[in-house]
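Reminder, nothing fancy here: chain letters follow the sequence lines and each chain counts from 1. These figures come from a predicted structure and were not determined experimentally.
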Amino acid sequence: MANPQFSSGDTAWLLASSALVLLMTPGLAFFYGGMVRVKSVLNMIMMSFATIGVVSILWVLFGYSLAFKGTNPFIGDLSAVGLHGLLKTDSGTIPELVFSAFQLMFAIITPALISGAIADRVKFGAWVLFVAVWTTIVYFPVAHWVFYFNGGKGGWIGDRMGAFDFAGGTAVHINAGAAGLALALVLGKRVGWRRDPMRPHNLPLVLLGAGMLWFGWFGFNAGSAVAANATAGVAFMNTQVATAAAAMGWIIVEKIRDGHSTTLGVASGAVAGLVAITPACGTITPMASILLGLLAGAVCALAVGLKYRFGFDDSLDVVGVHMVGGFVGTLFIGLFATSVLTGGAKGLFYGGGFTQLGKQAVAAFAVAIYSFVLAYIIGKVIDKTMGFRVSEEDELSGVDLALHAETAYELTMATHTGRSFAGATPVGGSMTISEDRTVTQ
Amino acid sequence: MANPQFSSGDTAWLLASSALVLLMTPGLAFFYGGMVRVKSVLNMIMMSFATIGVVSILWVLFGYSLAFKGTNPFIGDLSAVGLHGLLKTDSGTIPELVFSAFQLMFAIITPALISGAIADRVKFGAWVLFVAVWTTIVYFPVAHWVFYFNGGKGGWIGDRMGAFDFAGGTAVHINAGAAGLALALVLGKRVGWRRDPMRPHNLPLVLLGAGMLWFGWFGFNAGSAVAANATAGVAFMNTQVATAAAAMGWIIVEKIRDGHSTTLGVASGAVAGLVAITPACGTITPMASILLGLLAGAVCALAVGLKYRFGFDDSLDVVGVHMVGGFVGTLFIGLFATSVLTGGAKGLFYGGGFTQLGKQAVAAFAVAIYSFVLAYIIGKVIDKTMGFRVSEEDELSGVDLALHAETAYELTMATHTGRSFAGATPVGGSMTISEDRTVTQ
Amino acid sequence: MANPQFSSGDTAWLLASSALVLLMTPGLAFFYGGMVRVKSVLNMIMMSFATIGVVSILWVLFGYSLAFKGTNPFIGDLSAVGLHGLLKTDSGTIPELVFSAFQLMFAIITPALISGAIADRVKFGAWVLFVAVWTTIVYFPVAHWVFYFNGGKGGWIGDRMGAFDFAGGTAVHINAGAAGLALALVLGKRVGWRRDPMRPHNLPLVLLGAGMLWFGWFGFNAGSAVAANATAGVAFMNTQVATAAAAMGWIIVEKIRDGHSTTLGVASGAVAGLVAITPACGTITPMASILLGLLAGAVCALAVGLKYRFGFDDSLDVVGVHMVGGFVGTLFIGLFATSVLTGGAKGLFYGGGFTQLGKQAVAAFAVAIYSFVLAYIIGKVIDKTMGFRVSEEDELSGVDLALHAETAYELTMATHTGRSFAGATPVGGSMTISEDRTVTQ
Amino acid sequence: MKLVTAVVKPFKLDDVRAALTSFGVKGMTVTEANGYGRQRGHSEVYRGAEYQVDLVPKVRLEVLVEDEDVNDVIDAVVSAARTGSIGDGKVWTVPVEEVVRVRTGERGPDAL
Amino acid sequence: MKLVTAVVKPFKLDDVRAALTSFGVKGMTVTEANGYGRQRGHSEVYRGAEYQVDLVPKVRLEVLVEDEDVNDVIDAVVSAARTGSIGDGKVWTVPVEEVVRVRTGERGPDAL
Amino acid sequence: MKLVTAVVKPFKLDDVRAALTSFGVKGMTVTEANGYGRQRGHSEVYRGAEYQVDLVPKVRLEVLVEDEDVNDVIDAVVSAARTGSIGDGKVWTVPVEEVVRVRTGERGPDAL
Ligand SMILES: Nc1ncnc2c1ncn2[C@@H]1O[C@H](COP(=O)(O)OP(=O)(O)O)[C@@H](O)[C@H]1O
Ligand SMILES: Nc1ncnc2c1ncn2[C@@H]1O[C@H](COP(=O)(O)OP(=O)(O)O)[C@@H](O)[C@H]1O
Ligand SMILES: Nc1ncnc2c1ncn2[C@@H]1O[C@H](COP(=O)(O)OP(=O)(O)O)[C@@H](O)[C@H]1O
């Protein structure tokens with residue numbers, strides 16, 4: 001390596017982190033998938049997997065270039081389309097492709113998060129289209145605003161204004177939460193909402209997803225140090241304790257309010273904590289992280305009730321957890337940022353006045369509004385043209401069967417017998433069903 | 001970094017290892033959760049998740065300081081409460097917060113292991129309290145004894161006496177196993193034990209947990225080298241082969257004794273092997289590890305029958321696997337430690353005489369007795385005051401419903417219809433059930 | 001470390017990669033396990049876990065030595081049996097045991113892959129024997145051919161002929177696929193094939209397996225750089241985008257052909273992409289990887305129909321996905337290898353002519369033929385002697401019960417009551433069932 | 001005494017139960033079932049292999065009623081369960097000779 | 001011949017089976033069921049949304065018996081299944097016109 | 001009208017359905033069941049603890065038929081379900097007083 005700065009240690013951590021962040025999207029798929037009814041779990045999972053497919057391709061084609069190149073404060077340029085010319089370049093202490101792969105994983109999970117708001121009722125093709133468009137005109141620019149540092153010639157939120165968002169409280173969580181709200185409004189409520197039971201069909205699957213998210217999130221947050229150093233250590237520790245505290249915060253609220261602490265609550269609280277610590281993990285102390293966690297867990301536990309008050313069916317609480325949690329964490333920095341970690345700026349409670357808090361609020365609201373408006377428009381256009389929502393009949397019978405011709409489980413031996421093999425299409429042959437049946441040996 | 005010793009490679013590996021060890025606790029939750037009946041799987045999982053919550057907070061507050069500071073052989077001091085002052089310090093070649101985060105994960109999984117001994121019958125609040133107290137007065141001191149090295153001024157077992165416990169055979173497994181035995185005695189047998197069927201309700205979930213444990217354990221053992229070096233490589237390889245051999249050892253015993261090798265057996269054997277190699281992975285050769293694995297798998301396969309002989313309901317075999325496996329591995333070092341790896345001390349079979357074996361035995365028994373006695377006392381006090389066990393009625397109907405107002409699965413569409421939405425508490429509003437029902441759209 | 005080349009960063013990444021690749025085998029177990037019927041999921045999982053057990057032991061005993069030592073082009077020597085003398089040696093920039101552990105994980109997953117071809121009908125003991133023999137006389141030599149580099153005195157395919165196989169398209173996937181085909185022919189079709197429904201019993205489990213495989217595969221491919229460097233970055237990025245593209249490629253074919261995109265399709269496509277990019281990930285660009293992915297996804301989606309045309313019951317499509325995908329990726333290198341990455345050789349489309357393509361073809365066919373022939377012979381010998389297939393009665397009632405005396409799930413409380421405790425064998429005691437029953441408290 | 005058995009679409013269970021409750025029926029027993037009839041099932045596709053699923057999920061209700069209530073109960077069930085599309089199900093009655101409440105041993109109408 | 005149907009609490013199945021076996025009944029058919037009646041269900045809470053579950057798990061047994069055994073079988077079931085608390089279930093009988101053992105084609109009492 | 005109930009081995013369901021269809025029966029209702037009888041269950045072993053499972057999976061079919069078809073339907077089911085080994089199951093009939101098609105309200109034979 002010609003680059004004297006190159007660090008195999010940093011590279012090792014970023015490679016591992018990239019893998020960890022990729023894992024979060026399947027984790028999310030199970031977290032969400034376990035929460036829906038048995039008739040739409042596969043669709044829920046598939047929305048996440050298809051998002052991985054679409055966004056990865058867009059990223060190589062132009063996404064990385066739009067987010068991480070150029071000198072414009074609002075959007076990148078096309079100098080690295082097709083990841084052209086990056087096979088041997090470095091980005092700081094690591095290979096540029098490793099940085100690009102790491103950031104790709106963020107671009108994947110952000111739209112995937114949105115799917116939770118519109119469970120059980122989305123046309124699959126419409127979802128794929130929405131992901132492609134929203135990622136291009138919302139995520140890539142917003143990632144540029146927040147994550148692109150170029151010595152003062154980077155994005156307007158992070159590099160120029162100096163708002164802190166260590167790992168994506170604004171660019172990922174507020175962004176996804178606001179878009180989720182928009183789509184929940186565009187698509188409307190599920191048939192039977194607030195009348196029919198819509199309980200999670202598989203809570204161990206939800207907890208598995210939560211466990212995978214927690215695990216992967218160490219890559220998300222500590223990886224965002226883009227180095228294996230003390231900052232990564234701070235981010236790691238803060239992530240752990242804020243998440244732990246938020247899990248406790250959520251179930252304490254439940255215990256007081258409902259009389260029971262629930263498994264879904266502990267998982268939801270953990271995710272709320274992960275969300276809230278995401279922007280803050282590099283700029284606050286572990287003690288402040290405990291406080292942030294408890295706060296985020298409690299606030300989000302209350303916020304998921306908002307949809308019943310205002311009457312929008314944010315099915316899996318993308319707003320209540322990701323948007324609200326993102327706001328809590330982003331603003332908390334304005335209160336508790338310590339100059340030991342920021343290298344200067346201080347939060348309100350450390351004597352920094354309202355400056356940082358103001359920047360944080362601008363960042364949070366700018367992203368929220370931009371994302372909400374654009375997502376609403378994209379959603380409406382899709383809805384008016386190709387249609388965004390399945391028919392009521394398909395929704396009632398379940399989108400797994402209607403959209404994917406599959407059902408999730410076949411756990412008893414007896415019902416097997418209600419099925420019969422009806423043919424398969426071998427390569428190069430047109431075998432009809434009836435032929436096929438007679439061919440059986 | 002001012003520290004010339006600092007290694008980003010070591011830091012990268014310890015960050016990854018910390019994430020891996022965190023994942024072990026959800027892994028344990030599924031390993032255990034799959035083994036209980038369907039009516040208590042959520043509670044089983046939740047005991048692990050709540051342990052993550054409680055212990056992480058205690059660790060920041062005072063746990064790390066009590067375990068890894070000071071010069072007393074038995075207990076740390078309060079110099080690092082709140083992790084104060086550690087944002088920029090290093091511990092050897094890595095940031096101190098990374099070391100602290102790594103060790104935190106050990107502090108989490110140890111009490112979580114105990115929960116397997118008392119499945120299906122524990123009051124959730126009592127469990128949370130037990131974890132807080134036991135971790136404080138048992139785990140933190142024992143970690144200090146075993147893991148705290150300070151140039152001869154560290155813990156009495158590791159740093160001073162020179163017993164080997166590379167990654168926690170005593171501090172984690174014997175410790176948890178002895179406490180599990182104590183609690184199984186305090187709480188008594190489940191209703192219907194040895195009469196009713198108590199088979200695992202979801203074996204794929206058990207195997208998933210075993211897979212996650214195996215994966216995470218590489219962080220546990222190879223991470224305990226606290227560096228990415230040859231020692232880590234030895235620990236890694238030994239972990240893999242001992243675990244593999246133990247899985248085979250267990251199912252060979254099954255095949256001979258019962259006529260069938262089982263899936264639960266291969267998973268149990270793997271965990272037994274992981275337990276047994278934990279203390280030994282840094283001090284024996286791969287060939288010795290095969291032997292240790294076979295031995296541990298076979299011995300633990302037999303040891304899980306002890307509870308039927310002596311009549312205690314160690315529900316998921318914390319004693320038979322973790323205490324017995326921990327003893328096997330800890331003592332094995334006294335037989336097979338090689339001076340190439342220890343830098344001096346040798347096991348009995350390498351001509352080292354009984355010295356090392358004696359130290360190993362002292363370490364194992366000291367931890368076992370301390371943990372058993374304290375756990376028994378804490379358990380009894382909780383039982384006599386707030387009560388440790390649920391009512392027989394709740395136990396029969398299942399703790400998931402009784403304690404958490406949840407059931408794990410809702411896999412059929414038909415039974416859905418037996419449920420109805422009965423209201424939700426929106427933020428700031430007191431909505432009664434009947435109001436809510438009429439509001440449905 | 002005496003070795004000035006030693007890199008803790010590279011070591012950190014290889015340790016992490018080794019853990020990631022180990023995780024792939026449980027991942028495979030769930031990917032496969034979810035696809036079979038409920039009556040054989042445990043056996044499917046157990047075939048993978050037992051493979052981990054057997055191969056790990058063989059690896060230490062002689063496997064590593066046979067694969068990675070000596071100067072013979074076809075097979076290693078016995079200089080490192082028992083991993084003797086490797087506790088402190090390095091292999092390039094990393095400890096030799098780390099390299100050995102990494103390669104061990106490849107030796108594990110390769111035979112495990114084969115099990116998919118013969119689901120639902122294999123005697124467990126026969127499988128264990130097959131794994132031991134096939135790994136010894138097929139996998140270890142082939143790994144030597146492909147993966148052993150020794151300055152021109154290594155294996156004939158990689159080091160001498162100069163065929164590219166970055167991470168095992170030939171040694172792992174074509175190898176396993178060809179052996180799977182052989183065993184599918186040896187064992188014959190399942191009872192009721194093409195007549196009875198044999199749908200996946202648990203699709204979320206399949207998707208979980210796919211997610212674990214994808215995650216672990218970053219270790220497999222990017223770890224094969226044996227360093228945390230730019231090459232690892234290229235391999236990582238290519239792995240991600242090819243996999244994403246292949247997932248899309250498969251479901252596009254489904255949408256066109258069947259009218260529905262399926263969850264099983266997106267998972268299968270992802271695995272097909274992972275397979276195809278495996279050999280190519282170090283020698284092609286990200287743009288070419290998108291193309292390879294789309295191609296592999298589409299081709300494999302069509303190829304899984306081959307078995308219906310030719311009438312062999314490759315139950316879980318080891319041939320259609322691993323052999324076909326392996327060929328696609330291996331040959332693709334001959335078309336798209338870029339000299340920027342190979343340091344010289346070019347693919348056909350980069351002006352390199354047919355030279356590289358020819359080498360790739362030789363490598364692919366040599367491995368396929370060797371593996372097929374040997375697997376067929378081993379399979380036949382086992383079948384004629386101890387028998388390879390269970391009785392029809394056991395197959396119908398399900399191998400889980402017949403071979404392992406277990407059933408996978410017990411999800412309802414009511415059927416519990418059809419079971420009764422029938423005794424356990426405590427250590428050192430011969431307790432009969434009837435005694436035991438009377439002892440119940 | 002009669003036993004009224006009804007096989008209806010699963011999502012109609014709540015409506016049927018409500019209708020029965022408002023009629024005064026105090027209990028019933030519900031079983032998951034699968035029906036085969038005029039209503040078409042669906043097909044599923046796994047890796048290109050298509051399976052025809054001919055059984056359609058239903059719920060099966062059993063209601064013990066006094067003789068004089070039979071027709072009203074049948075009517076209540078039929079009108080609550082009707083959607084008008086194929087597969088709405090069947091209701092049938094069989095004569096019951098004896099009914100006992102396990103808890104008390106009460107027999108006949110008192111057992112309901 | 002009669003068909004005795006019993007809906008009882010799941011954990012009582014073993015006791016009922018034992019009682020029937022000791023009475024000499026050689027077989028029975030068991031189905032999972034859910035009951036609705038006086039016995040209250042439970043409520044569950046998911047993210048603050050509460051659901052009322054009115055159906056209570058039961059098992060449903062069917063036993064074919066000869067006419068003269070009916071009363072004894074009913075009594076055996078009732079006393080084995082009784083806990084004395086609400087929800088113990090019901091037992092009822094219907095007349096059976098024909099019974100066949102599939103394996104042999106035997107009819108009537110021989111088919112049992 | 002009669003109700004023919006059959007408890008048969010699960011893997012025989014398709015054969016029975018085919019037999020009924022070719023006889024002209026247009027519908028049936030299927031429930032999963034577990035049988036207890038002469039047929040032995042199996043034992044399972046978990047960590048050395050052995051459990052005896054006495055219940056054997058069965059499917060339970062209900063077919064409403066007109067009076068004159070009863071014997072033919074019984075014969076069709078019996079011969080389709082027979083394997084000749086223990087546990088093939090039972091078929092029985094009970095009298096039905098009324099049948100209604102929910103969709104149309106048709107009664108009697110027209111309801112089938
Ligand atoms: N002869 C029959 N015996 C028992 N159950 C029947 C019979 N015919 C139909 N059923 C049940 O009624 C359900 C509805 O019947 P189907 O023919 O699909 O529609 P419809 O009743 O509206 O004409 C079936 O799914 C099945 O459960
Ligand atoms: N009219 C009825 N028809 C059919 N089954 C009934 C009827 N009433 C009650 N059951 C069944 O009996 C069970 C017990 O009834 P319930 O009213 O709860 O208690 P109890 O029988 O002790 O008074 C119910 O769960 C249900 O399965
Ligand atoms: N007396 C009975 N009442 C109801 N069902 C019965 C009775 N006896 C047997 N069965 C059902 O018939 C099935 C087969 O009975 P079994 O005695 O095992 O074999 P076979 O009928 O071939 O003699 C049982 O599993 C059970 O479901």
For this session: Sort D:Val96 into side chain, backbone, both or neither according to what part of it lies under 4.5 angstrom from a heavy atom of chain E.
Result: both

Can you pull out all donor-acceptor pairs below 3.5 Å that join chain E and chain D?
from, atom 1, to, atom 2, distance (Å)
E:Lys2, NZ, D:Glu97, OE1, 2.8
E:Lys2, NZ, D:Glu97, OE2, 3.1
E:Asn34, N, D:Val30, O, 2.7
E:Asn34, O, D:Val30, N, 2.7
E:Tyr36, N, D:Met28, O, 2.8
E:Tyr36, O, D:Met28, N, 2.9
E:Arg38, NH2, D:Leu112, O, 3.3
E:Asp54, OD2, D:Arg17, NH1, 3.4
E:Asp54, OD2, D:Arg17, NH2, 3.4
E:Arg60, NE, D:Glu62, OE1, 2.7
E:Arg60, NE, D:Glu62, OE2, 3.4
E:Arg60, NH2, D:Glu62, OE2, 2.6
E:Asp75, OD1, D:Arg107, NH2, 3.1
E:Arg82, NE, D:Val102, O, 2.8
E:Arg82, NE, D:Arg103, O, 3.3
E:Arg82, NH2, D:Val102, O, 3.3
E:Gly89, O, D:Val102, N, 2.9
E:Lys90, NZ, D:Ala111, O, 2.7
E:Val91, N, D:Val100, O, 2.9
E:Val91, O, D:Val100, N, 2.7
E:Thr93, N, D:Glu98, O, 3.0
E:Thr93, O, D:Glu97, N, 2.8
E:Thr93, OG1, D:Glu98, N, 3.2

Problem set entry | Atom group of E:Ile86 that falls short of 4.5 Å from chain D, counting heavy atoms | both

Problem set entry | Contact origin within D:Leu61 toward chain E - heavy atom pairs under 4.5 Å | neither

Exercise. If you look at every heavy atom in D:Pro95 and E:Pro95, which pair is closest and at what distance?
Worked result: O-CD, 3.4 Å

Problem set entry | Nearest atoms (heavy-atom pairs only) where E:Val78 meets D:Val100 | CG2-CG1, 3.8 Å

For this session: Given side chain to side chain contact (heavy atoms under 4.5 Å, CB included), test D:Leu13 with E:Leu55 step by step and report yes or no.
Result: CA-CA 11 Å; D:Leu13 175 59; E:Leu55 296 180; 4.2 Å; yes

Exercise. Heavy-atom distance under 4.5 Å between the side chains of D:Val99 and E:Val91, does that happen here?
Worked result: no

